> 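Supplied in structure tokens, the structure appears directly below.
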Amino acid sequence: MKILVLGSGAGGGFPQWNCNCRLCAGQRSGQVRASARTQSSIAVSANGDDWILLNASPDIGAQLRASKALQPQHGVRHSPIKAVVLMDSQIDHVAGLLSLREGPRLQLYCTPESYEDLTGSLPLLKALDKYCGVNWHPMPLVPGGGEWHEIAGLRLQAVPVPGKAPPYSPRRQTEARSDNAAVLIEDPASGKRVLYAPGLAQVGDAERKSLDACDCVLVDGTFWTEDEMLTAGLGTKRAADMGHLPQCDGPHGPGMLKALDACAARRKVLIHINNSNPMLDEDGAERAELTRRGIEVAFDGMELEI
């Protein structure tokens, strides 16, 4: 199974266009050694020819232009992208769907809740119906994992994870788990599994089981600490308010680092990294700590073969 990291940043990317924090300003000036990042998305393939896009970020145009494997291969018009799978209906995960309007009919896999948002509060799919058209394949979330979907030679299963609905969604203030998905990806030829979970509010027993069932995990790396947006003067919300588990332990319990320390996966990769996160600094103490623990930091253009 081949994995391409198209974008590794959180909403706004890095450096964020309107941010002059230490990390963003330092990256622009060259005073901080940190790679620029577009907004998070990955692509997976069983054979290197047919690809599944997981999330469609607002930066998808630049991401596809930078990824040779996802460019036209045959004839005058062609795309190797066979389907798009959404984790949720967050704007930084779905706005790129509009950029796919010139292609063939879109094969879209997402939860009923995301579909409701994308035909209601943010009606992107209604607009796309006037262009390429959309075939929706429901991925209802079932505790312990629901139906497996056969797509382009791989098997995918959506699993519910704790998180938050988008701010525009009428479910934003509820605690419904079914607004957020992680996706298990299995290569039936090898039996290898990958978990993609760019948004994860906590790691309980069910989440630990999903992590341990995989050979590689790409998980929520949004924040280093619970209050880093506040301490950096970038906002008033904490990590938990936005549905993300920080790397470090906090008032709500153990952080992602402890969860990954206990995880049986061979490769552990952090993705969806906010511009405020000090682990972006490749010479910083936080990056050194991740290296010590054997945890990788995703970057745009990263390639994995599992």
Side-chain angles (χ1 to χ4, degrees), residues 1-17 35-110 114 118 122 124-125 127-137 149 151-154 156 181 183 185 194 196 198-199 216 218 221 269 271-273 275 297-306:
M1 183 184 347
K2 300 177 185 296
I3 304 168
L4 291 177
V5 175
L6 305 181
S8 54
F14 174 75
Q16 186 168 307
W17 65 277
S35 299
R37 287 171 158 79
T38 56
Q39 296 167 91
S40 72
S41 175
I42 67 170
V44 297
S45 175
N47 57 16
D49 295 321
D50 304 313
W51 292 84
I52 305 165
L53 194 64
L54 279 77
N55 288 337
S57 92
D59 300 315
I60 191 171
Q63 292 168 348
L64 296 182
R65 285 188 286 272
S67 303
K68 186 175 181 180
L70 298 180
Q71 296 167 7
Q73 307 294 321
H74 313 289
V76 178
R77 289 287 178 96
H78 171 260
S79 172
I81 299 172
K82 302 306 177 185
V84 178
V85 179
L86 300 178
M87 308 299 104
D88 51 46
S89 51
Q90 298 283 352
I91 286 177
D92 57 318
H93 292 163
V94 304
L97 292 174
L98 293 176
S99 295
L100 300 177
R101 67 190 182 278
E102 295 95 347
R105 192 170 184 86
L106 183 63
Q107 304 301 316
L108 182 70
Y109 293 76
C110 68
S114 290
L118 297 177
L122 185 68
L124 298 185
L125 301 186
L128 286 172
D129 271 336
K130 305 301 181 183
Y131 291 88
C132 60
V134 179
N135 285 344
W136 175 47
H137 305 269
H149 297 261
I151 313 172
L154 295 172
L156 287 83
V183 171
I185 310 157
V194 171
Y196 182 52
C216 173
L218 294 99
V269 184
I271 198 166
H272 196 271
I273 305 158
N275 66 290
V297 178
F299 56 89
D300 290 21
M302 185 180 193
E303 300 182 13
L304 301 94
E305 190 159 343
I306 308 300

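All residue numbers refer to positions in the sequence shown, counting from 1. We use all heavy atoms of the structure for the numbers below, so side chains are in, but hydrogens, waters and symmetry mates are not. Keep in mind it's a predicted model, so treat the numbers as computed, not measured.
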> Would you mind listing every side chain to side chain donor-acceptor pair (under 3.5 Å) that reaches into residues 95-105, with sequence neighbours excluded?
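Found Arg105-Asn135.
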> Only counting residues at least two apart or in another chain, list the ones meeting side-chain hydrogen bond (donor to acceptor under 3.5 Å, both in side chains) with Ser45.
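Once residues adjacent in sequence are excluded, the partners of Ser45 under the side-chain hydrogen bond (donor to acceptor under 3.5 Å, both in side chains) criterion are Asn47.
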> To the nearest 0.5 angstrom, please state how far the CG atom of Leu218 sits from the CD1 atom of Ile271.
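Between atom CG of Leu218 and atom CD1 of Ile271 there are 5.5 Å.
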> Of all the heavy-atom pairs spanning Leu124 and Val94, show the shortest one and how long it is.
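Heavy atoms only, the tightest pair is CD1-O, 3.5 Å.
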> At their closest point, which heavy atom of Ser89 faces which heavy atom of Ser114, and how far apart are they?
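For Ser89 and Ser114, the tightest heavy-atom pair comes out as N-OG, 3.5 Å.
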> Report the C-alpha distance between Ser41 and Gln63 in whole Å, list the side-chain angles of each, state the deciding distance to 0.1 Å, and finish with yes or no for side-chain hydrogen bond (donor to acceptor under 3.5 Å, both in side chains).
CA-CA 9 Å; Ser41 175; Gln63 292 168 348; 4.5 Å; no
> Quick one: CD on Gln71 to CG on Leu64, what's the gap to the nearest 0.5 Å?
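If I round to the nearest 0.5 Å, the distance is 8.0 Å.
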> Mind checking ring-ring contact (aromatic ring centres under 6.0 Å, His included) for Tyr109 and listing every partner two or more places apart, or none if nothing turns up?
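In terms of ring-ring contact (aromatic ring centres under 6.0 Å, His included), with neighbours along the sequence ignored, Tyr109 is linked to His137, His149.
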> I need the Leu6 CG to Ser67 OG distance, nearest 0.5 Å.
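Answer rounded to 0.5 Å: 5.0 Å.
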> How would you list, by chain and number, every residue that makes a side chain to side chain contact (heavy atoms under 4.5 Å, CB included) with Ala46, sequence neighbours excluded?
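Per chain and number, Ala46 pairs via side chain to side chain contact (heavy atoms under 4.5 Å, CB included) with Leu154.
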> Which heavy atom in Gly12 sits nearest to a heavy atom in Gln39, and how many Å separate them?
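Between these two residues, the closest heavy atoms are N-OE1, 2.9 Å.
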> Which donor-acceptor pairs under 3.5 Å do the side chains of residues 298-306 make with protein atoms, sequence neighbours left out?
from	atom 1	to	atom 2	distance (Å)
Asp300	OD1	Ser8	N	2.9
Asp300	OD1	Ser8	OG	2.8
Asp300	OD2	Thr38	N	2.7
Asp300	OD2	Thr38	OG1	2.6
Glu305	OE1	Lys2	NZ	3.3

> Whether the side chain of Trp136 engages the backbone of Cys110 through a donor-acceptor N/O pair (distance < 3.5 Å, no angle test) should be reported.
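Yes, the answer is positive, given that a donor and an acceptor are paired below the 3.5 Å cut-off.
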> In Å and rounded to the nearest 0.5 Å, what is the CG to CD1 distance from Asn55 to Ile42?
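Reported to 0.5 Å precision, the distance equals 8.5 Å.
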> Please round to the nearest 0.5 Å and tell me the distance separating atom CG of Leu97 and atom OG of Ser57.
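Rounded to the nearest 0.5 Å, the CG-OG separation comes out at 10.0 Å.
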> Hey, could you give me each pair passing ring pair (Phe, Tyr, Trp, His ring centres under 6.0 Å) that has a residue in residues 75-97? Not counting sequence neighbours.
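Sorted pair list: His74-His78, His93-His272.
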> Would the distance check show the side chain of Arg37 and the main-chain N or O of Ser35 forming a donor-acceptor pair, the cut-off being under 3.5 Å?
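Confirmed, Arg37 side chain pairs with Ser35 backbone.
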> About how many Å separate CG of Leu106 and CG of Leu100, when rounded to the nearest 0.5 Å?
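Interatomic distance, Leu100 CG to Leu106 CG, rounded to 0.5 Å: 6.0 Å.
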